[in-house]
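To keep things clear, I will list the structure first and then write my remarks on it.
Remember, it's a predicted structure, so these values are computed and weren't measured experimentally. First listed ligand is number 1; within each ligand, the first listed atom is number 1. What you see below is based on every heavy atom in this structure, not just the backbone, and it leaves out hydrogens, waters and symmetry mates.
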Amino acid sequence: MSSDNIILIGFMGSGKSSVGKLLAEKMGYDFRDTDDMIVADEGMEIQEIFNKYGEELFRNLETTLLLSVMDTLERTVLATGGGMPVRERNLNLLRVMGKIVYLRASQESVESRLFGDNTRPLLMGDDYKDRIKKLLSERTPIYERAADLIIDTDGKSIEDIVNEIMRQA
Ligand code: S3P
């Protein structure tokens with residue numbers, strides 16, 4: 001197993017995938033995204049998995065995925081789904097896989113980045129701002145505790161964020 005990986009965690013819309021792709025390119029690392037891997041393995045979009053089987057099953061799929069890739073990932077930037085570290089088991093697996101970088105984003109920037117988005121089952125409905133608020137307050141302490149490095153993303157470009165990670169990681 002290699003711990004020579006960078007694991008990006010953070011709320012939905014915090015930029016894990018966009019930042020991860022550019023970071024991997026600049027570092028000469030591979031890029032993987034846990035949501036994309038689950039979609040490919042299951043042959044179903046995330047919303048479909050939530051609708052058909054519910055959140056709990058999705059969390060099980062996240063754990064199964066980590067267990068199946070953790071011994072093989074090397075020099076990889078791994079973008080994770082926003083709920084991944086909420087489950088203690090997943091967080092413990094992520095910790096041994098690499099350095100955990102938390103992309104922190106405020107309520108306002110998450111709201112504006114996800115405005116009109118219809119791919120996040122947990123934020124569907126007119127009360128999506130309240131849902132963001134509730135989930136953000138539940139998860140922020142978890143993300144902060146999990147992180148080896150915290151990067152504030154508000155008002156910064158993808159390039160700025162990538163450069164900041166490369167300076168500090
Ligand atoms: C989720 C975040 C999503 C995806 C699923 C659940 C969450 O990933 O895994 O919709 O619980 O925060 P992104 O963080 O990439 O949007």
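Distance from atom 16 (O) of ligand 1 to its nearest protein heavy atom, with residue and atom name: R120 NE, 2.7 Å. In this structure, the protein non-hydrogen atom closest to atom 14 (O) of ligand 1 is K16 NZ, 2.4 Å.
For a threshold of 3.5 Å applied to N or O pairs, the pair formed by G13 and ligand 1 contains no separation below that value. Checked against a 3.5 angstrom limit, the closest N/O atoms of G82 and ligand 1 fall inside it. Here's the thing with D35: one of its N/O atoms is less than 3.5 angstrom from an N/O atom of ligand 1.
Considering every non-hydrogen atom in both P85 and L91, the closest pair reads O-CB, 3.7 Å. Between P141 and S137, the shortest heavy-atom contact is CD-O, 3.3 Å.
Ion pairing of E25 with K21 is absent here, as no side-chain N (NZ or NE/NH1/NH2) approaches a carboxylate O to less than 4.0 Å.
Residue contacts with ligand 1, taken as heavy atom pairs separated by less than 4.0 Å, involve R59 solely via side-chain atoms from C-beta onward. When non-hydrogen atoms are compared, ligand 1 lies under 4.0 Å from the side chain of R139 (C-beta onward) but not from its backbone. For T34, no heavy-atom contact with ligand 1 is shorter than 4.0 Å.
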Run the side chain to side chain donor-acceptor pair (under 3.5 Å) check on R87 and N60 step by step: do they pass?
CA-CA 10 Å; R87 196 184 258 200; N60 292 341; 2.9 Å; yes

Determine, step by step, whether R120 and D117 satisfy the salt bridge (charged side-chain N to carboxylate O under 4.0 Å, His left out) criterion, reporting the C-alpha distance in whole Å, the side-chain angles of both residues, the deciding distance to 0.1 Å, and the verdict.
CA-CA 7 Å; R120 267 76 172 199; D117 177 273; 2.8 Å; yes

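Proximity of D148 to Y102: side-chain heavy atoms (C-beta onward) are nowhere separated by under 4.5 Å.
Relative ring orientation between Y143 and F11 is described as perpendicular, the plane-to-plane angle rising above 60° on a 0-90° scale split at 30° and 60°.
Near I46, meaning under 4.0 Å from one of its heavy atoms, ligand 1 places the atoms 5 (C), 10 (O). Listed by atom number, the atoms of ligand 1 under 4.0 Å from L122 heavy atoms are 7 (C), 11 (O).
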